[in-house]
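Fair warning: this is a prediction, and the values are worked out from it, not measured in the lab. Within every chain, numbering begins at 1; the chains are lettered A, B, ... in the order of the sequence lines, protein sequences first and strands thereafter.
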Amino acid sequence: MPELPEVETIVRGLQGPLQGLVIESIELFSTSMLGEVTADDFIAALTDSRIKKIERRGKYILFKLQKGQKSFTLAVHLRMTGNLIYCSKRPMTRPRHTRAVFLFHNESFLFFTDVRKFGSFRILDDNQKTIFLSCLGVEPLSPAFSEQTLQKLIEGKKTSIKAFLLNQKYICGIGNIYADEILYRSSLYPEKPLPKLSKKEIANLWHNIREVLMEGIKAGGTSTRDYRNAAGEKGDYQKHLLVYGKAGQKCRRCCSIIQRIKVAGRGTYYCPGCQPN
DNA sequence: CGGATTTCCTGCATGC
DNA sequence: TGCATGCAGGAAATCC
């Protein structure tokens with residue numbers, strides 16, 4: 001599932017090859033990612049536009065595009081199984097589950113694949129983009145995310161720590177896998193209510209949010225199943241996971257058996273020894 | 001208001 | 001082997 005480290009890895013992989021390219025044509029094999037927008041409108045809007053810049057915000061990939069005098073943004077969300085794969089020339093066969101293909105003027109291709117068809121494409125003008133981004137919380141790896149920022153975000157909320165970490169309007173980019181790893185490293189029980197966190201625990205949590213996400217990026221993301229980078233390669237962080245997907249296995253720290261429960265509607269892995277209720 | 005549940009979707013693991 | 005069933009989950013919509 002592409003979370004912050006995976007999306008960041010994809011964006012870094014696309015920036016070089018796609019910068020400055022002009023979209024010559026688009027082929028759609030599904031329209032589910034377009035929402036209310038029709039295929040014709042989507043294709044018409046993007047064809048002949050130039051990619052000025054690619055950046056990440058939370059789990060969104062933002063393509064800053066220009067067509068004539070008009071500048072706008074394509075916001076792509078990969079949800080669980082979406083991938084963007086760049087090919088410098090036409091491959092022999094399309095990747096499996098290809099939903100859209102972008103052909104550029106230099107004869108290179110960008111494939112959007114998505115097994116479960118949950119991914120979304122949204123075209124935003126500069127005004128809509130501002131509103132859109134204002135709904136997202138703080139970037140956890142930005143200087144704006146200080147220990148005090150986290151302290152203030154937690155203040156006054158009563159929800160569980162895991163639900164808090166997953167809520168994109170507070171901190172953006174953390175998904176199910178990294179949330180579990182962050183909580184394990186912070187020795188926090190996933191259902192622990194925010195008011196019960198001590199200042200020391202919050203300071204430690206802040207440190208671990210940043211550390212785990214940075215490690216994830218360094219390893220090129222987590223490929224538990226579908227995730228691939230822009231070159232179609234797997235990440236390595238699945239080798240470093242300590243609790244996610246490890247139910248029934250021994251905790252590396254205390255040898256307790258890793259448990260799986262449901263928190264905020266998500267499968268949640270934790271160590272009952274290290275993360276006591 | 002806010003937490004819980006449902007919805008979208010397909011592939012894969014499981015069990016009979 | 002084959003089939004039905006359940007599960008995986010990000011975010012929006014809906015429910016309670």
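With no hydrogens or angles considered, no side-chain donor-acceptor pair links A:Tyr237 and A:Ser223 at under 3.5 Å. Using modelled atom types and a 3.5 Å distance limit, the side chains of A:Thr268 and A:Lys162 yield a donor-acceptor pair.
The nearest whole Å value for the distance from the CG atom in A:Asp226 to the P atom in B:dC12 is 9 Å. Between the CZ atom of A:Arg96 and the P atom of B:dC12 there is a distance of 7 Å, rounded to whole Å. Straight-line distance from the CG atom of A:Leu136 to the C1' atom of C:dA11: 11 Å, rounded to whole Å. The distance between atom CZ of A:Phe121 and atom P of B:dC8, rounded to the nearest whole Å, is 21 Å. The NZ-P distance, from A:Lys162 to C:dG10, rounds to 8 Å in whole Å. Remark: P of B:dG3 and CZ of A:Phe164 are 12 Å apart, rounded to the nearest angstrom. Taking atom CZ of residue A:Arg266 and atom P of nucleotide B:dA4, one finds them 12 Å apart after rounding to whole Å. Protein atom CG of A:Asn83 is 15 Å distant from nucleotide atom C1' of B:dG11, rounded to whole Å.
The side chain of A:Tyr244 contributes an N or O atom lying less than 4.0 Å from OP1 or OP2 of C:dG9. Under 4.0 angstrom from either OP1 or OP2 of C:dA11 there lies at least one side-chain N or O belonging to A:Gln168. Of the side-chain N and O atoms in A:Lys59, one or more sit less than 4.0 angstrom from OP1 or OP2 of C:dA11. Put simply, A:Lys117 has no side-chain N or O that comes within less than 4.0 Å of OP1 or OP2 on B:dC8. The side chain of A:His97 places an N or O atom within less than 4.0 Å of a non-bridging phosphate oxygen (OP1 or OP2) of B:dG11.
The aromatic rings of A:Tyr86 and A:Phe104 lie tilted to each other, with the angle between the two planes from 30° to 60°. Using cut-offs of 30° and 60° on the angle between ring planes, the pair A:Phe102 and A:Phe121 is tilted. The aromatic rings of A:Trp206 and A:Phe145 lie tilted to each other, with the angle between the two planes from 30° to 60°.
With the nearest nucleotide of DNA chain C identified for both A:Met80 and A:Tyr60, A:Met80 has the one nearer the 5' end. Along DNA chain B, the nucleotide nearest to A:Lys158 and the one nearest to A:Ser32 differ in position, and the one closer to the 5' end is contacted by A:Lys158.
Residue-level contact check: A:Lys157 touches neither bases nor backbone, having no heavy atom under 4.0 Å from any strand.
Summarising the base pairing, C:dT1 is matched to no nucleotide, lacking a Watson-Crick or G-U wobble pair whose two defining distances lie under 3.5 Å.
Nearest nucleotide to the A:Met1 side chain, out of C:dA11, C:dG9, B:dT10: C:dG9. Nearest to the side chain of A:His77, among C:dA11, B:dC12, B:dT10, sits C:dA11.
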